[in-house]
Amino acid sequence: MKRFKILSLILLVLSAFTYSLIAQTFSGNQILKKVEDTMLAPKSTVADATMILIDKRGKQKVRKVKMWTKGKKKRVVKFLKPADVKGVGFLVLSDNDMYLYMPAFKKIRRIASHVKHQSFMGTDFSYDDISTTEYTKHYTGKLLKETDKEYIIEAKRKKSSDKEYDKLKMWVDKTSFLPTKVEMYKKNKLKKVMKNNKIEKIGKYWMATDIVMTNVKKKHKTAFKLENLKFDKAVSARIFTKRYLKRGVR
Amino acid sequence: MKKIILTVLILIFSAGYIFAETSLEGELKSDIRAKLKKGDYLYNEENLLLKYKADLSDNLAGYASLNFRYQNFSSVTTPSDLNNRYNVEPLELQLKEAYIDYYGFLFKKLDLRAGKQRIAWGTADKMNPTDNLNPDDLTDIFDFGEKIPTPSVKATFYLSDDFSLQGIWLPYFTPTRFSVNEFNYSAMLDSNLEAQILAQLTGMGLPASIFSINGTIEMPEKKAKNSMYAFKLSGKLFDFDFSLSYFKGYDDVPIMKELNINAATPASTSISYDMIYPEIQVIGLDTAGELFEVGVWAEAACFIPKEVKTVSTITIPAPPFTIQLTNTALDKEPYFKYTIGLDYTFKNGFYINSQFIHGFFIERGYYQEKPQDYIVARVEKKFFDDKLKVGLNGVVGVKDLDKAEKFKDVKKKSGNMWGPEITYYPADSTELTLGCMVIEGSDETFFGKMKDDDQAYLKFKLYF
């Protein structure tokens, strides 16, 4: 009986150990999917964002926007600062369905998707960088290394994708499943580095609220800070319309 | 209507002060141009635009803008001019816009805007044949597409997220305003008329000396029955945005109705003329979308004018009799204007924008002023972390392109304007622009008429 009890205990410990091993070992694609699911978990968000542009000499410029997101595609950005762009509104309904409201012309202008690789408001983020993060649609993930705190994965662009970067290297935090760092490569050259300096849980969602994007060649960086984050019910569906784009921010 | 606008202004400012979230913003602009060859100053403008916004509630907002414009130069030719402030300092105060927005007026899906407002229709850049609700502001002839906001009521009903129906009522007519310098309409009109009539009188063996030219313009009477209105249906089909519109009102450029040439005095001839604003209806269609990541747009308008005939009466001295001739100045047959354009940003950052335009802003009908053809293009790129923008602008206009059989014919009747431009952004919300425009071409064309005005310009803008 005693032998039976010891054997059962050993088997129990072994199975628990094996289970924990299996549970923690994800493939690169699975990690990529988890990152995507975490980023797209909120059904909708609203936040105030401050972007500080820092050139190689340390000179700074400030941009302030209010941002709303809904689902995988929809985004509204209303520019608050500086004065020359105040009142401008940007609406994204899909990859090739974007609009810009210019108060000076009292007009909503359709923007073609050729702008997606261009700089957003002079920052180091492109329009594509601030848009959807459907990683698994565009990239195939491969686990390179695992540590106690993070996974390091390499994501290679799929042939069918038109994303700018052919390779991403991600350091993914095991607790939040958000990347702490992303290196973006084009033709094997490092183009940009994105660091999430602050990852926090707000309500039931993990969010990166302090992001720095560095353009390696230009030695220029943009610090992107999110504040006053609200989720889901707080964001009305009517905001993601051309009708609302023309209105002021309240 | 002026009392209504004043009431609207008072409401906005006082309610805004008490209840609302308000903001005061503005723009400061300076623009000076000089001829390349002799250095003569051509144009000068210092402009302060103040914009006041008041968000009174989730559904109610007010907006007003005041423009302080110092335009052109002191004009002093007699000592008494020195007493006239406007001759010494040509400063103008303009209430640009003043309106109230009511979102969800009576119905959740109905938005209303009432007051002096700019209503911008059309998907093309600057040259919009469907954009006829506000008259042209041609005080700066090179600033194509500028319009004068006018009092109106605009109601927009949102049938869905993609479809909307807009109705606009403009209670009275406002004409186009022309420049006092570069495109001095009255001076050009008188000068052209004088030249034509002198040629005719000489041909008839009569004294060729014009003593006086006097013109009058008849505005549409300020009555409700002469108000203007418009409708527009906007929507989306197959990933393309489109609009279908209708406008009934008046052409904002006058046309000659009556011309009297009195050559009764042997030594000289006096001319008088009367002009009116022709009634028009405009059916418009525009669309915008993308093809293979290239932004594309097209906009077309069918103008249906009310026929205008010019009755010319020539009185000659010997033997004394009167000849009366009637010409069609504006045919009732519909005519078309359209713009087709595209834009694209290359991966290296070069941006290109190009449009083909049939019919410039004051071209119309089938005779002297008939729509001509133009190609406009702009290429630009930013450098040094967007601190510098370099651009190249160009426009080519061809007269009677439809009649050209060979390239030689096209070249003979073309005019063009092109020039580089550099914009420097020393700090956020400030820009300094240096550029030039070289103008060449046949005298028959719009640009050819200005070929002596090759110019350089320096502009400064500050936003706050």
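Only heavy atoms go into these numbers, but all of them, side chains included; no hydrogens, no water, no symmetry mates. Just so it is clear: chains get the letters A, B, ... in the order the sequence lines come, proteins before strands, and each one is counted from 1.
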Mind checking side-chain hydrogen bond (donor to acceptor under 3.5 Å, both in side chains) for B/Thr430 and listing every partner two or more places apart, or none if nothing turns up? none

Quick one: CD on B/Glu431 to CG on A/Asp84, what's the gap to the nearest 0.5 Å? 7.0 Å

Would you indicate whether the side-chain heavy atoms of B/Glu290 and A/Asp97 approach each other to under 4.5 Å? no

Straight-line distance of A/Arg247 CZ to B/Tyr103 OH, nearest 0.5 Å: 5.5 Å

Between B/Ser164, B/Gly122, B/Gly26, B/Gly349, the one whose heavy-atom pairs under 4.5 Å with chain A are most numerous: B/Gly122

If you round to the nearest 0.5 Å, how far is CG of A/Asp55 from CG of B/Asp386? 12.0 Å

Which of residues 123-135 of chain B get closer than 4.5 angstrom to chain A, counting heavy atoms alone? B/Ala124, B/Asp125, B/Asn128

Would a distance-only check, ignoring hydrogens and angles, find a side-chain to backbone donor-acceptor pair under 3.5 Å from A/His114 to B/Thr345? yes

Counting only heavy atoms from other residues, nucleotides and ligands, does the tally under 6.0 Å from NZ of B/Lys147 exceed 12? yes

Close side-chain approach of B/Asp111 and A/Lys246, heavy atoms under 4.5 Å: no

How long is the span from the OH atom in A/Tyr244 to the CG atom in B/Asp161, to the nearest 0.5 Å? 14.0 Å

Inter-residue atom distance A/His117.NE2 - B/Phe346.CZ, 0.5 Å rounding: 13.5 Å

State whether A/Arg109 and B/Asp343 are salt-bridged, where the test is any N-O pair (Lys NZ or Arg NE/NH1/NH2 against Asp/Glu carboxylate O) under 4.0 Å. yes

I want to check a possible cation-pi pair here: A/Lys106 against B/Tyr63, using under 6.0 Å from ring centre and within 45° of the ring axis as the test. yes

Between NZ of A/Lys86 and OG of B/Ser429, what distance do you get to the nearest 0.5 Å? 11.0 Å

Tell me if a side-chain donor or acceptor on B/Glu293 pairs with a main-chain N or O of A/Asn96 at a distance below 3.5 Å. no

Highest number of heavy-atom pairs under 4.5 Å with chain A: which of B/Tyr158, B/Trp297, B/Phe464, B/Phe292? B/Tyr158

